[in-house]
Amino acid sequence: EARRQGNGSGSRPRASLSHPVRTVVRMAGAAVRAAFITCEIDDLRALARSLAGAEVAEVTDETLAAALVEVERAAASLDALRGHLHAELADRDWCDDAEGMRTGAWIARETRTPTRAVHDRIRVAGRLRDEFPLFDAALARGEITWLHAVQLCTSANERVADRMALLQSQLLDLAAVSTFGAWQRAVRDTARRLDHDGAEPRPVEPDRVHLDRLLDGRVHLEGVFGGV
């Protein structure tokens, strides 16, 4: 009898949350997170505008140099955030359903940026998230730049991407002690060594010859020869 009542006081045991209630709780949590992100971004914009309007001509050389480095690192972290937002939005159908256009075209319209540049950012951001998470995390910490991410994704073609992913830690260690140019050359060389099939051959345009007889009787000959 005591087991049936649940405890000595006669109270009934607590039932687990039903599926509709759990759904509401998850939706409420998502709404709170969305509001937090929106609030944080608003604060970030306000802070950036305030800092951009600061007078820097009177600060000391040491302060100026230190501030510049820290701003560059903060910019890298913001690039990581931009990439996360780009990749996530591109994975959804919102732009197509709500705006009737592709994600890249919508972002380009709203931000007044070139569509090609937006598509490139979406591509790199998606590859960082899905293939190179260590580089994504390093970018978020401001330890590398967006240019490092672009170079990695450019060099790591589909034939070597899996093997390049295994070298992320080594490439990040190298980035920490190298100039960008030296690191870039090392990444290119590494990708070239891993690519046993070599680069894709450049398409050769087929030979074409076009012959025209002009009104004055002369003959105009024009040709394109791919092997020349």
Side-chain angles (χ1 to χ4, degrees), residues 65-93 95 102-108 111 113-208 223-228:
L68 187 150
V69 172
E70 289 304 316
V71 167
E72 289 296 328
R73 289 172 178 165
S77 299
L78 284 177
D79 276 331
L81 173 59
R82 290 173 68 191
H84 297 164
L85 296 174
H86 277 66
E88 181 63 27
L89 189 60
D91 283 348
R92 304 187 183 189
D93 296 326
C95 289
R102 296 179 61 187
T103 302
W106 180 83
I107 295 174
T111 60
T113 50
T115 303
R116 176 64 181 273
V118 175
H119 284 307
D120 288 345
R121 183 172 290 275
I122 290 174
R123 176 183 58 82
V124 172
R127 294 194 66 189
L128 288 180
R129 181 193 62 191
D130 299 335
E131 302 175 51
F132 306 110
L134 297 185
F135 265 75
D136 190 35
L139 182 64
R141 294 191 298 269
E143 296 172 356
I144 59 172
T145 69
W146 182 255
L147 294 176
H148 288 85
V150 171
Q151 182 58 60
L152 175 67
C153 293
T154 300
S155 298
N157 61 50
E158 60 182 9
R159 295 184 300 275
V160 302
D162 290 344
R163 281 168 284 177
M164 292 288 282
L166 297 176
L167 299 175
Q168 288 182 85
S169 294
Q170 293 90 324
L171 293 176
L172 287 171
D173 289 343
L174 183 61
V177 297
S178 304
T179 64
F180 180 83
W183 182 86
Q184 183 181 50
R185 289 190 293 273
V187 171
R188 288 173 174 170
D189 290 343
T190 299
R192 198 158 33 241
R193 289 195 301 270
L194 293 175
D195 195 353
H196 304 304
D197 294 333
E200 293 288 350
R202 296 178 59 184
V204 177
E205 190 174 2
D207 295 346
R208 296 198 311 271
V224 176
F225 302 96
V228 176

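What you see is a predicted model, and the numbers here were worked out from it, not measured in a lab.
No donor-acceptor pair under 3.5 Å is formed between the side chain of Thr115 and the backbone N or O of Ala105. The closest donor-acceptor contact from the side chain of Arg159 to the backbone of Leu194 lies at 3.5 Å or more, if one exists at all. No side-chain donor-acceptor contact under 3.5 Å links Glu88 to the backbone of Leu85. No donor-acceptor distance shorter than 3.5 angstrom exists from the side chain of Gln151 to the backbone of Gln184, with no hydrogens or angles considered.
When all heavy atoms are compared, the tightest approach of Ala156 to Ala161 is O-CB, 4.0 Å. Across all their heavy atoms, Ile107 and Thr111 have their closest contact at O-OG1, 2.6 Å. In plain terms, the two heavy atoms of Cys153 and Arg123 that are nearest each other are CB-NH1, 4.2 Å. Ala149 and Leu128 make their closest contact through CB-CD1, 3.7 Å (heavy atoms, listed as atom of the first residue, atom of the second, distance). The two atoms that bring Ser155 and Ala191 nearest to each other are O-CB, 3.5 Å, heavy atoms only. For Thr113 against Val118, the heavy-atom pair with the smallest separation is OG1-CG2, 3.4 Å.
Relative to the ring axis of Trp146, Arg121 places its NZ or CZ within 45° and under 6.0 Å from the centre.
Ile144 contributes atom CD1, which lies 5.0 Å from atom CG of Leu139 (distance to the nearest 0.5 angstrom). Atom CD1 of Ile122 is separated from atom CZ of Arg102 by 8.0 Å, given to the nearest 0.5 angstrom. In this structure, Phe132 CZ and Leu171 CG are separated by 9.0 Å, a value rounded to the nearest 0.5 Å. In this structure, OG on Ser178 lies 9.5 Å from CH2 on Trp183, to the nearest 0.5 angstrom. Atom-to-atom distance recorded for Asn157:CG and Arg192:CZ is 11.5 Å, nearest 0.5 angstrom. Met164 CE to Asp162 CG: the interatomic distance, rounded to the nearest 0.5 Å, is 11.5 Å.
Side-chain contact between Asp91 and Arg129 is present, with at least one heavy-atom pair separated by less than 4.5 Å.
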**OP:** Please report the C-alpha distance between Arg185 and Asp189 in whole Å, then the side-chain angles of each, then the deciding distance to 0.1 Å, and finally whether the salt bridge (charged side-chain N to carboxylate O under 4.0 Å, His left out) criterion is met.
**Re:** CA-CA 6 Å; Arg185 289 190 293 273; Asp189 290 343; over 6 Å; no

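Side-chain rings of His148 and Phe180 approach one another, their centers coming within less than 6.0 Å.
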